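Here is the structure we will look at, set down as structure tokens.
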2 protein chains.
Amino acid sequence: MNQTKSKYHHGDLRQSLIEAASRMINEEGIEGLSLRKLADRVGVSRTAPYHHFADKNALLCAIAAEGFRRWHNEAQRILSQTDLPPHTRYRQFAQGYIHYATRYPELYDLMFGRTIWKQASATEDLKAVAYPSFQHQVDITRQWQAEGLLPNSLDSLRLAQVTWGTLHGLARLVIDGIYADSSHIDEMVDTLVDLVCPPVKSLR
Amino acid sequence: MNQTKSKYHHGDLRQSLIEAASRMINEEGIEGLSLRKLADRVGVSRTAPYHHFADKNALLCAIAAEGFRRWHNEAQRILSQTDLPPHTRYRQFAQGYIHYATRYPELYDLMFGRTIWKQASATEDLKAVAYPSFQHQVDITRQWQAEGLLPNSLDSLRLAQVTWGTLHGLARLVIDGIYADSSHIDEMVDTLVDLVCPPVKSLR
DNA sequence: AGCAAATGTTGACGGTGTCAAGATATGTGC
DNA sequence: GCACATATCTTGACACCGTCAACATTTGCT
């Protein structure tokens with residue numbers, strides 16, 4: 001029933017749309033994505049997508065949600081390297097974050113840009129993935145504090161906002177092509193780490 | 001010749017467009033601005049603006065340029081308070097930055113968002129204002145280093161990218177309504193300052 | 001087999017940015 | 001004061017866009 005793909009009902013439009021849209025977004029940017037071009041490329045009529053997504057925003061939210069899941073996996077991979085000293089792990093986390101953002105700049109813009117979050121247009125599905133991701137950042141920060149990497153005296157939530165905000169800001173400077181260049185990522189991260197947790201009193 | 005505004009040639013459409021557009025952007029957001037609505041509100045036909053701006057992008061660049069000039073004035077005002085200790089001035093600068101961003105969120109998005117910078121669509125006029133503004137951040141950073149506020153051991157450019165990136169990131173988190181709330185700005189800035197230049201060895 | 005639901009299609013509406021061609025006012029040189 | 005170039009503004013048109021309504025087809029269930 002799903003073997004030879006005749007031209008009956010296409011099979012799984014929903015996933016095809018997400019994939020094709022992701023590809024188009026990565027190639028031409030979010031602004032360059034139109035539902036009509038997308039439908040055309042997938043080979044269906046303009047309004048077919050509306051049977052799988054309420055509107056364009058819902059499609060974007062679905063793509064963003066997948067971006068969150070992918071980043072979560074990547075972050076877990078980095079943070080689970082318990083054999084590395086905290087200092088190194090922190091640096092790798094920071095580098096991983098910005099590299100992820102710069103490898104999929106349009107996706108990152110979708111995940112954290114105002115297109116979605118500004119006027120509360122996030123889907124429930126998206127929130128269900130994104131909010132825990134935000135909370136996760138606080139948990140990680142608390143752990144860094146416990147490891148002595150960040151000062152224990154500061155409030156964890158505020159500290160999480162600042163540390164994440166810093167990564168977010170650097171990522172945006174790079175992917176928005178403003179004042180920072182992707183070839184300087186590692187140097188910038190090094191500078192950041194040196195600035196935020198410099199002493200490493202226990203070692204040096 | 002310019003006293004009673006009859007309906008001849010409108011007088012100074014260009015400035016009227018910029019002002020009306022700024023107002024509309026602040027009210028409904030960048031996405032909500034259309035040249036047709038704008039022209040309608042100002043009382044001219046749809047294509048009249050094209051005699052003053054090459055296209056919509058040029059209009060947005062002109063508005064952004066004014067945003068840069070205004071922020072530059074604000075920054076100068078803060079930094080010229082030489083009677084305050086560096087530490088306090090730094091805090092005020094950071095607070096001023098984020099407050100400026102949150103007071104005109106749509107303008108800030110325009111100034112630093114990818115709408116303009118992503119695919120190098122910035123006007124020459126804009127660049128002429130924006131680039132010196134970026135450079136200014138480096139100068140300020142160098143001064144902070146000279147004052148002992150930031151470590152002298154780090155490269156000024158990288159340090160400027162990091163410090164500005166941090167402010168930029170926090171500002172974006174707040175104005176994009178994601179994970180941070182405008183009522184926490186001061187606390188976040190305090191946390192940031194404590195984190196970045198904590199010891200104040202000379203005093204404590 | 002038959003019926004309901006899922007899925008896909010064409011047609012249409014109002015909105016957008018912008019180009020081309022024409023109209024009108026302004027300013028300048030004589 | 002007149003003529004002409006220039007700046008400015010208008011209407012018409014085109015190609016897009018997102019999305020709704022109505023209709024057609026396929027699928028799955030009983």
Side-chain angles (χ1 to χ4, degrees), chain A residues 1-21 24-25 27-64 106 110 115-116 118-119 121-123, chain B residues 1-21 24-25 27-64 106 110 115-116 118-119 121-123:
Chain A
M1 64 176 66
N2 57 1
Q3 199 65 312
T4 56
K5 45 165 67 177
S6 45
K7 54 180 60 174
Y8 51 118
H9 258 190
H10 183 284
D12 57 344
L13 225 196
R14 190 188 153 91
Q15 196 55 31
S16 294
L17 286 173
I18 291 184
E19 288 169 9
M24 288 176 69
I25 284 179
E27 291 167 3
E28 311 180 57
I30 295 178
E31 308 303 324
L33 174 73
S34 85
L35 286 191
R36 294 169 105 107
K37 273 192 296 183
L38 171 62
D40 195 52
R41 178 176 298 202
V42 174
V44 295
S45 73
R46 328 156 235 139
T47 57
Y50 285 87
H51 286 113
H52 300 272
F53 300 97
D55 51 16
K56 187 179 184 179
N57 179 66
L59 207 206
L60 296 180
C61 284
I63 296 176
E106 302 290 343
L110 200 53
T115 308
I116 284 181
K118 162 65 185 317
Q119 66 264 32
S121 61
T123 307
Chain B
M1 62 174 67
N2 57 2
Q3 201 64 312
T4 56
K5 45 167 63 177
S6 45
K7 55 181 59 174
Y8 51 118
H9 260 192
H10 184 285
D12 57 344
L13 224 198
R14 190 189 154 91
Q15 195 56 30
S16 295
L17 285 173
I18 291 183
E19 289 170 8
M24 290 176 70
I25 283 180
E27 290 167 5
E28 313 180 56
I30 296 177
E31 308 303 325
L33 174 73
S34 87
L35 285 192
R36 294 167 105 109
K37 274 192 297 185
L38 171 63
D40 195 53
R41 179 177 296 202
V42 174
V44 295
S45 74
R46 324 152 239 146
T47 56
Y50 284 87
H51 290 271
H52 301 272
F53 301 97
D55 51 16
K56 188 179 183 178
N57 180 67
L59 208 205
L60 295 180
C61 284
I63 295 176
E106 303 290 342
L110 201 54
T115 308
I116 284 180
K118 164 62 187 319
Q119 65 264 30
S121 61
T123 307

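Numbered from 1 within each chain, the chains take letters A, B, ... in sequence-line order. The shown structure was predicted, so the numbers you read here are calculated from the model rather than taken from an experiment.
As rounded to whole Å, 16 Å separates atom P of D/dC17 from atom CD1 of A/I30. Atom CD of A/E31 and atom P of D/dC16 are 18 Å apart (whole Å). Computed from coordinates, the B/L35 CG to C/dG15 P distance equals 16 Å when rounded to whole Å. The interatomic distance linking B/L59 (CG) with C/dT18 (P) rounds to 10 Å, in whole Å. When the C1' atom of D/dC16 is taken as reference, atom NZ of A/K56 falls 12 Å away, rounded to whole Å.
Expressed to the nearest 0.5 Å, how far CG of A/L13 lies from CD1 of A/I18 amounts to 10.5 Å. Here B/L17 contributes atom CG and B/L38 contributes atom CG; the two are 5.0 Å apart, rounded to the nearest 0.5 Å.
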- Message: Before you tell me yes or no, could you show the steps for A/E27 and A/R41 under salt bridge (Lys or Arg N to Asp or Glu O under 4.0 Å), namely the whole-Å CA-CA distance, both residues' side-chain angles and the distance that decides it to 0.1 Å?
- Response: CA-CA 14 Å; A/E27 291 167 3; A/R41 178 176 298 202; 3.8 Å; yes

Show every donor-acceptor pair shorter than 3.5 Å between a side-chain atom in residues 49-60 of chain B and any protein atom, with sequence neighbours excluded, or say none if there are none.
{"residue": "B/D55", "atom": "OD1", "partner": "B/N57", "partner atom": "N", "Å": "3.4"}
{"residue": "B/D55", "atom": "OD1", "partner": "B/A58", "partner atom": "N", "Å": "3.0"}
{"residue": "B/K56", "atom": "NZ", "partner": "B/L33", "partner atom": "O", "Å": "2.8"}
{"residue": "B/N57", "atom": "OD1", "partner": "B/S121", "partner atom": "OG", "Å": "3.4"}
{"residue": "B/N57", "atom": "ND2", "partner": "B/S121", "partner atom": "O", "Å": "2.7"}

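Of the residues in residues 45-53 of chain A, those lying under 4.0 Å from DNA chain D by heavy-atom distance are A/T47, A/Y50.
If you check distances only, the side chain of B/R36 never reaches the base of C/dG15 with a donor-acceptor pair under 3.5 Å.
Residues satisfying the salt bridge (Lys or Arg N to Asp or Glu O under 4.0 Å) test with B/R36, not counting sequence neighbours, are none.
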